[in-house]
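What follows is a short report on a single structure.
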Amino acid sequence: MKFSDFGLNENTLKAVAEVGYDEPTPIQQKAIPEILKRNDVIGIAQTGTGKTAAFTLPMIDILANGRAKALMPRTLILSPTRELAIQIAECFQKYGKYQKLSMALLIGGESMIEQQKVLSRGVDVLIATPGRMIDLCERGRILLRDVRIFVLDEADRMLDMGFIPDVEKIAAKLPVMRQTLLFSATMLPEIKALAQKFMKFPIEVRVDPPMSAADTVEQFIVKTNERGKREVLRRLIRSENVQNAMVFCNRKKDVDILFKSFTKHQFSVAALHGDMAQGQRTETLNAFRDGHVQLLVCSDVAARGLDLPDVSHVFNFDVPVNSEDYIHRIGRTGRAGRTGRAFMLITSADFKALAAIERMIGQKIEEMERFSIEMDPPSEPKNKRRRKAKKVSHTAVPVSQQTAERVKETAAETVQKHAHRRRHRKSKNAKTPQKAAETFSVMDHSSVFGRAMPAFMMNEVKLS
Ligand code: AMP
């Protein structure tokens with residue numbers, strides 16, 4: 001199949017040819033004709049399948065006719081992250097270069113005034129993250145009643161990030177007569193419910209993930225303790241032939257700490273997380289893409305949906321809380337038929353999460369033993385510990401006469417031992433030998449049962 005088979009206009013075909021695509025990907029083959037027929041479409045496809053072009057190309061074609069009015073965008077695309085929104089905008093620029101299209105990006109971290117200025121001139125394509133969009137809608141700075149195509153990209157990520165209520169609020173402002181396109185990597189029940197609410201007789205198109213990570217990524221775990229994590233990781237990176245790698249942490253705070261630590265140890269490294277200013281993020285991404293830095297330390301949210309280069313290695317500094325994130329993380333390597341390597345550091349607190357991941361990928365992950373170090377002893381959950389302690393102090397166990405005697409004797413011995421240690425310490429600290437002798441005699445007079453008697457000895461021991 002060729003792009004010209006879709007009946008796309010000449011300008012779009014020329015732009016596609018310049019980008020160098022020979023043939024449409026499976027999601028493009030299935031989705032483009034349905035979108036051009038103006039059907040509502042649910043696309044089940046992951047990043048990397050060419051799904052962005054699957055909706056941008058037919059949209060550009062549809063938008064060729066008509067003009068936008070001030071403050072009234074003709075299409076709206078909601079994206080869960082700023083980076084993904086930027087990538088979508090880049091696609092519109094690339095494929096729409098021979099067509100006059102106006103476009104606005106409404107994302108956090110960019111100047112609101114600039115964005116409003118563009119909107120007031122009228123836009124064909126508005127790409128936004130839900131938060132910024134709600135903000136502007138609530139200020140009455142934008143009217144959505146002219147939106148003819150509404151796209152919800154990476155709906156499953158929206159769900160993960162808690163954006164669905166915002167999406168619902170925005171959708172309520174859209175006209176009923178519109179085309180809705182929804183893209184998601186998985187079809188969770190919540191996404192199905194959302195589709196039922198927003199869409200009219202949607203056509204579902206689905207493509208399998210290009211190849212399962214298990215086929216193209218060699219995966220390993222390395223056991224470590226909390227304190228040794230950074231050193232183990234450094235040794236691992238030095239021993240591997242790392243061309244470029246992503247290092248994933250669960251928390252922003254750890255992204256910062258790890259970045260500083262790598263810098264101190266003279267690695268070529270950059271960091272990416274949600275708190276960074278937009279300009280800084282874009283700069284970092286470009287530096288990594290262009291090969292100016294070798295390691296990119298990041299959090300899941302920061303890395304989501306990014307069109308990053310194929311990396312030779314993925315290092316999971318932390319075990320992801322969500323097993324699905326593991327698949328996303330390691331999917332950054334082993335792309336385009338090449339093999340990649342993925343490592344994950346495991347502490348004694350991570351076994352449960354590791355088991356969940358292994359269940360999900362349907363295989364056990366091999367341990368790279370030569371890098372493993374001794375783990376911390378497994379710690380009991382705090383509330384369990386507290387409950388146990390309470391139990392001991394509250395139980396009055398019925399015991400036999402003999403046991404009661406033995407308990408008393410043992411306790412007395414323990415108390416004596418403690419008393420003796422105290423005496424010894426005091427005499428050692430005494431300034432003169434005479435004082436030391438006195439200490440001993442005074443301590444000898446103190447009643448063993450009168451002083452440090454343990455609580456349970458004071459209670460009556462119940463006899464059976
Ligand atoms: P996406 O799934 O939209 O994130 O796209 C993943 C990558 O595939 C991007 O780098 C696109 O430039 C590329 N791509 C999209 N469509 C095609 C195509 N028909 N042929 C080759 N590459 C493509």
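When a ligand or atom number is given, it counts from 1 through the structure's own listing order.
A donor-acceptor pair shorter than 3.5 Å cannot be found between the side chains of R370 and S372. No donor-acceptor contact under 3.5 angstrom links the side chains of D153 and S79, judged on distance only.
Ring to ring, F55 and F183 are close: their centroids are under 6.0 angstrom apart.
With atom 3 (O) of ligand 1 as the reference point, the heavy atom nearest to it among T52, L57, I88 is part of T52. Nearest residue to atom 8 (O) of ligand 1 from G50, A54, G20 is G50 (criterion: closest heavy atom). With Y95, Y21, F55 as candidates, the residue nearest to atom 18 (C) of ligand 1 on a non-hydrogen basis is Y21.
Within ligand 1, counting atoms from 1 as listed, the ones closer than 4.0 Å to a heavy atom of T25 are 17 (C), 18 (C), 19 (N). Proximity to E23 (heavy-atom distance under 4.0 Å) selects the following atoms of ligand 1: 18 (C), 19 (N), 20 (N). Listed by number with element, the atoms of ligand 1 under 4.0 Å from a non-hydrogen atom of F3 are 19 (N).
For Q87, the heavy-atom gap to ligand 1 stays at 4.0 angstrom or more.
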Do any side-chain atoms of residues 260-268 form donor-acceptor pairs under 3.5 angstrom with protein atoms, and if so which ones, sequence neighbours left out?
{"residue": "T263", "atom": "OG1", "partner": "F259", "partner atom": "O", "Å": "2.7"}
{"residue": "H265", "atom": "ND1", "partner": "S261", "partner atom": "O", "Å": "3.0"}
{"residue": "S268", "atom": "OG", "partner": "Q294", "partner atom": "N", "Å": "2.9"}

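A perpendicular orientation is assigned to the rings of F6 and F3, their planes being inclined by more than 60° (bins at 30° and 60°).
In this structure, the side chains of E358 and I365 come closer than 4.5 Å at one or more pairs of heavy atoms.
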